[in-house]
Engineer: 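Please read through the structure below; I'll follow up with questions.
Both counts, for ligands and for their atoms, begin at 1 and track the order of listing. Keep in mind that what you see is a predicted model, and the values were worked out from it rather than measured.
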Amino acid sequence: MSLPSSRSLAPGGTIGMLGGGQLGRMTALAAANLGFRCHIFAPEAESPAAMVSAAWTRAAYDDEAALTAFAEAVDVITYEFENVPAATAEILAPLKPLRPGARLLHVAQHRGREKTFFNNLGIATAPWALAGSESDFAAAVRAIGTPCIAKTTTEGYDGKGQARIVAATDLAATWARLGGRELIVEGFVDFVAEASVIAARDVDGAARCFPIGRNVHRDGILHTTTIPGGFDAATLAQGEDIGTRTAEAVDLVGLVCVELFVGRDGRMLANEMAPRPHNSGHWTQDGCVTSQFEQHVRAVCGLPLGPVEPRASRIEMTNLIGAEAEGWRSIVAEPNAKLHLYGKGEARPGRKMGHVNRFWP
Ligand code: AMP
């Protein structure tokens, strides 16, 4: 039976989750705390999410029979990664509520569509141009000027599929290195800080943003998020406005994270979006009355949103990448730290193995 959009799913119901990574795992744990069951759909052999869930369908995202059976077994469907193939969403959406919906997935899967979406809402971004060929690429770099950043329009994450261009030389090599595929060229933003806003919106259209933290990246991967981020009230208000307007424009039910640059003039620019819980919101697990994962569960199940007040005067989330997770013994001995490990087998370099939330009451 499908879930009527005006009614909530009662505890005991089953949330279907596309994707089996750590975001799905932490969502499943939050769902379990509210009495829901999670059913994971993921093709990989190892699934941190399936380890803590009631059921797992291990099948490919184009396996129509498996997707149909999965939809029959669950009450509502969500996802923990934005690259859910459009065809998969098309199969599932008529069968059970898919939250957030296919429109947000479509926008979030392509950097050009994201930038167009933001600009159409009057949300500022770095100047940008698309390049579908090597000659387009040279023209785009000339139009944007150097320094600039070239990124693949699809499938890039954690700094992968990107190149910084300081001079308009060797563009052929950069084009080849990034795979000879469509690129977006973005003006280099001389930011003073990076931040992100995570907005939640429920089935009745009520929206709420989590407090905005300061993000620090290392090698293109998020390293820390700190709350409070030291931003003034006007900057924070801009960020909340960007989050709320993004959520409303797509009639969001669920979460959306917008990554932001804070310019020298205090103006916030949107970089990219993710229609799901986000690494920069992991601090909420121990630092907020409602975690981002619980908020996501509440929204997709049709429950009212929970309060988002911080529970500590300062909290810092640090990612544990690759071998850093081997430091777990000393972290569990710290008095003001909460360790979160994802149950992944192999600590490959660059792989997110866990995180730690350190808090100051
Ligand atoms: P992204 O994959 O778009 O999230 O980019 C990863 C990181 O690269 C960002 O968090 C920034 O630190 C940096 N970066 C991306 N785009 C730009 C830009 N247009 N100007 C300056 N730095 C950028």
Engineer: In this structure, is the centre-to-centre distance between the rings of Tyr61 and Phe81 below 6.0 Å?
Structural biologist: yes
Engineer: Could you list the atoms of ligand 1 found under 4.0 angstrom from a heavy atom of Glu272?
Structural biologist: 1 (P), 2 (O), 3 (O), 4 (O)
Engineer: Assess whether a salt bridge exists between Glu346 and Arg351, defined as any Lys/Arg side-chain N lying under 4.0 Å from an Asp/Glu carboxylate O.
Structural biologist: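 So Glu346 does not pair with Arg351 through a salt bridge.
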Engineer: I'd like the name of whichever of Glu194, Glu259, His217, Glu186 reaches closest to atom 11 (C) of ligand 1 through any heavy atom.
Structural biologist: Glu194
Engineer: Could you pull out all residues at least two apart from Ala247 that satisfy side chain to side chain contact (heavy atoms under 4.5 Å, CB included)?
Structural biologist: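 Per chain and number, Ala247 pairs via side chain to side chain contact (heavy atoms under 4.5 Å, CB included) with Ala199, Arg201, Leu252, Val256.
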Engineer: With a cutoff of 4.0 Å, is Gly187 in contact with ligand 1, counting heavy atoms of the residue only?
Structural biologist: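 So Gly187 counts as touching ligand 1.
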Engineer: Pull out every atom of ligand 1 sitting under 4.0 Å from any heavy atom of Ile149, numbered as shown with elements.
Structural biologist: 14 (N), 16 (N), 17 (C), 18 (C), 20 (N), 21 (C), 22 (N), 23 (C)
Engineer: Is it true that Glu155 and Arg181 make a salt bridge, defined as a side-chain N closer than 4.0 Å to a carboxylate O?
Structural biologist: yes
Engineer: Decide whether the shortest distance between a heavy atom of Gln162 and an atom of ligand 1 is less than 4.0 Å.
Structural biologist: yes
Engineer: Just heavy atoms, cut-off under 4.0 Å: does Asn271 contact ligand 1 by side chain, backbone, both, or neither?
Structural biologist: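 Side chain only.
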Engineer: What part of Val189 sits under 4.0 Å from ligand 1 if we count only heavy atoms: the side chain, the backbone, both or neither?
Structural biologist: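 Near ligand 1, Val189 shows its backbone as well as its side chain.
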Engineer: Is it the case that atom CD in Glu46 sees more than 12 heavy atoms from other parts of the structure closer than 6.0 Å?
Structural biologist: yes
Engineer: Can you find a heavy atom in the side chain of Trp360 that is under 4.5 Å from one in the side chain of Arg358?
Structural biologist: yes
